[in-house]
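Just so we're on the same page: letters track the sequence lines, and every chain starts at 1.
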Amino acid sequence: MRRVRDAEAPGSTAGAALDAPLSGEPLIVVRDLWHTYLLGTPLESVALRGATFELAAGEVAAIIGHTGSGKSTLVQHLNGLYRPQRGTVRVLGRDLGDAATDLRAVRREVGLVVQFPEHQLFEPTVGDDIAFGPRKQGHDRPEVRRRVQTGMAMVGLGFEEFKDRYTFGLSGGEMRRVAIAGVLAMEPRVLVLDEPTAGLDPRGRTELLDTLLRLRAEHGIAIVFVSHDMEEVAELADRVWVIAGAMTALSGTVREVFRRADELRGLGLGVPQVTRLMYALRAAGLDVPTDVVTVDEAEVALARVLGDRAGRGDAGDGERRGLAYDAGSGSHIKPRGHFGPNDLAGSVG
Amino acid sequence: MEGTEFLRDVTVGQYLPGTSVTHRLDARAKLVALVLLIWAITSATAYAAGAVLVLTMLGLIVVSRLPVGYVLRGIRPILPVLAVFLVFQLLFAGNYDPSGSPILWTSSAPEPFPFRFTITEQSLRLSIVSIARLLCLLIVTSVLTFTTTTTGLTHGLESLLAPLRRVGVPAHELAMMLAIALRFVPTLAEELERIIKAQASRGADFGRPGRFAFIRRARMLIPIVVPLFISVFRRAEDLVLAMEARCYVAGAGRTRLSPLRMRPLDWAVLLVVAAYVLLMRLIPWPV
C-alpha cells in the first residue's frame, strides 16, 4: 500500500476552516472512563474501568484489544452515544459529562461508523440513503446534493453511476462504502470506525484502507479505528491504544507498542507478521532490527542485512530479490499463514 | 436521545440464574402451578382476598430470591395503563351494577348531558380488586420467566401438550415456534439498539417530536424498522439453513440432554398450590 501519510501536510484544509479548539488541546480526551451495562439490575456487567484515550488533530489512532475488552463501548462514548458514568470525555472542547452539552452537535463533528454499517441502510436508492444525515441536519437541496457528492467521492463511488442504484442490490463492500459515505456526508472532523474491515474480502479491505489514508491526507480528517488486524494497524495508525481487561493497558506510537511483543502476547494480542518474522530471523541468528512494523521497512532492513552478506559472497543477487519479493507480495492478499523459523532456514541460509 | 440501552428497562421475559426452590422446580410443575394461580387470582372479588394474593406474590418473589426492586421495575411501564383502567372502571362500572349495592357517590348531571357517573360499593371494590389482580398476574408470570430458562419453558410446554398430539395438536411444532420466538427477543433487542445507535450517529434524532405529532413519529421509525426487518429476514434464512443442514425434522425422534423429571418436591409444591387455590375459593371472605 502507498504510504500517503508521509506526504501529508498536517493542519491543512478542513481543520483550519472550522472553529478549531485551542491549538494544542487534542480533539478527543478520555480520562479514567468507567461504564457498566445494565447498571442497577442484577445483570449488570462492567465494560470499562478506567479507560484512557486521546486523539490529536489529523492523527490516526488505532484501538486494539481482545473481544469483549470494551473497545466498542469506548468508541461509542466518542460521539456521545453514551455519556460518561464516571471519568471525563471531552470531544472538541465539549465536556460530554455536562448534561447541557448538545450531543447532536458532537455527533455532527464526530462521525461514527458502527460494526457492519451496511446493516443500517434503509433507503431504496444509494443517493437517498447517503442524503439521510445531511437532510436531518436541515440543509437545502443543493447543499444536500453537494454533500452526497462529496461523501461518495471520498469513498470512491461515482456519483452519477451509483446515486440511483438499488441499495440492496450492491455487493457487501459497496454497501459498506455507501454506509461510510452516509457518515462522511455529514462532513465530520473526526471519523470513528468500529472494525471497518471485518467481513470484507481482501480487495474490499485494501480499497477501504486506501480510502481511509486518502481521507486523512486530502481532507485532514482525524481517524479512530478499532481493529483486530495488526497489519492494518501497522499500516494505518500513528498511535495505538491497547484495551485489555476493560482499561487502557498500553499506548504509544505503533513502533513503541509493537516493540513490546511479549506484553501484547500476554494480553492475547499479536504483532504484525513482519515483526514476528524479524523476531524469528533474529532468533535464527540474523542481525536484523525487531522494531519493523511494515513490509516496506522489512524490505529495507533485509536488503541491508543480506547486502552485507552478499558483499561477503554469502548470498546471491537473485536470492535476495526473491525473499524481498515474497515478503512484499504478502502484504495484503496473503492467507493468514505463519512464518516459522523453519520456513526461513531454507531461503536465508 | 439519551437512553440507548433498552435491555435495562425490559425486564419481562428475562431469566435470572439462581438456585432457589422456584428455580429448581420442574418446568411442567411451574406451568401447572401458574395456571392454578391464575385461576385463583382471576376469581378473587373481595378486598381481603386481593390483599392475601398480593402478599402471596411478594412472598413468591422472596422465596425465589429475586431482587424485589428489579421485579417491580418491570411493572412500572404498565402503571399508566392501570391508572386509566382504574378511572374508567370507577366512573362507568357503577351505572351497570346489577347487585343493588349501596350508591356511594353520583355526579350531578350537567345540563346538556342526561348522563351520570355512579360509584357503588360493589363497583369500587371491583375496581380496586381488579387492579390488585392485574398486578398479581404480572408478578406471577414474571416470576415464572425470571426463574425458568426458555428451553425449560418450551420443553415443559411441549411435554404438557404431548397428550393432545393424538387429536392433531402439533405440540412439538408449537413448542419449537415458541422457543425460536423467545430465543430471538434479546437478539432483536440488541439489533434494534445497534441500528438506533447507527442512525443516531447519522444525525437521526429520536427525541420527542411532540406528543401528538403522530405522522412525524411514525416517519422517524422508518430508518429503524426497515433495517430491523431486513435483519430479521436474514436471521430467519440463516436459521432455516442451519436447521436444514442438521437434517431437522419436526419432532422426529428427538431426545433431550436433560430430560424433565418430576421429583417429590415438584409434586409437593403442586399440592400446596392446589390447596392454596381451593382455600382462596372456599373461604367466605368477609369484605
Side-chain angles (χ1 to χ4, degrees), chain A residues 35-45 72-73 75-76 78-83 99 102-108 110-124 129-139 151 167-168 179-186 188 191-192 194, chain B residues 1-11 13-18 61 64-74 146-147 186 189-207 209 216 219-235:
Chain A
H35 188 83
T36 306
Y37 282 109
L38 302 174
L39 188 67
T41 75
L43 301 165
E44 59 178 41
S45 64
S72 293
T73 314
V75 295
Q76 287 174 15
L78 302 184
N79 80 332
L81 283 177
Y82 291 120
R83 287 196 191 262
D102 182 10
L103 294 180
R104 266 176 301 158
V106 172
R107 287 188 201 133
R108 260 202 296 279
V110 181
L112 173 69
V113 178
V114 296
Q115 270 178 51
F116 297 102
E118 56 272 26
H119 293 172
Q120 78 193 18
L121 304 179
F122 68 98
E123 291 277 10
D129 204 279
I130 298 174
F132 176 74
R135 277 186 191 141
K136 281 284 167 192
Q137 288 175 26
H139 295 295
T167 315
F168 301 104
I180 296 175
V183 173
L184 287 171
M186 317 210 347
L191 186 64
V192 182
D194 195 350
Chain B
M1 181 203 55
E2 294 294 316
T4 42
E5 209 175 352
F6 289 112
L7 289 172
R8 193 167 157 196
D9 295 318
V10 179
T11 61
Q14 188 63 259
Y15 171 68
L16 298 178
I61 299 176
S64 312
R65 290 202 221 122
L66 297 168
V68 180
Y70 186 69
V71 178
L72 296 184
R73 183 192 247 173
F146 281 141
T147 59
E190 255 167 52
E191 188 83 34
L192 183 67
E193 204 173 306
R194 269 237 307 277
I195 294 168
I196 288 189
K197 281 178 185 166
Q199 308 298 24
S201 301
R202 293 212 280 162
D205 178 20
F206 301 111
R216 202 127 55 93
R219 284 179 57 97
M220 263 174 17
L221 291 180
I222 295 175
I224 302 172
V225 172
V226 172
L228 189 65
F229 263 74
I230 294 171
S231 135
V232 168
F233 283 122
R234 194 176 48 233
R235 280 180 197 283

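A:Phe168 meets the ring-ring contact (aromatic ring centres under 6.0 Å, His included) test with A:Tyr166; sequence neighbours excluded. Under the side-chain hydrogen bond (donor to acceptor under 3.5 Å, both in side chains) criterion, B:Ser201 pairs with A:Asn79, sequence neighbours left out.
Around the CZ atom of B:Arg234, the shell of radius 6.0 Å holds more than 12 heavy atoms that belong to other residues, nucleotides or ligands.
For the atom pair CD1 of B:Ile195 and CZ of A:Phe122, the computed distance is 11.0 Å after rounding to the nearest 0.5 Å. For the atom pair B:Lys197 NZ and A:Gln120 CD, the distance stands at 13.5 Å (nearest 0.5 Å).
Using a 4.5 Å heavy-atom cutoff, the side chains of A:Asp129 and B:Arg202 are in contact.
Residue contact with chain B, scored on non-hydrogen atoms closer than 4.5 Å, is absent for A:Gln137. Interface remark: A:Gln76 contributes side-chain atoms only to the contact with chain B (heavy atom separation under 4.5 Å). Residue contact with chain B, scored on non-hydrogen atoms closer than 4.5 Å, is absent for A:Arg108. Contacts between B:Ile222 and chain A at a heavy-atom distance below 4.5 Å involve backbone atoms as well as side-chain atoms. Contacts of A:Leu43 with chain B are made by side-chain atoms alone, with heavy-atom separations under 4.5 Å and no backbone atom involved.
Across B:Ala200 and A:Leu81, no two heavy atoms sit closer than the pair CB-CD2, 4.0 Å.
By the 4.0 Å N-to-carboxylate-O rule, A:Asp194 lies too far from B:Arg194 to be salt-bridged with it.
Ranked by heavy-atom pairs under 4.5 Å with chain B, the list A:Lys136, A:Met186, A:Arg135, A:His119 is led by A:His119.
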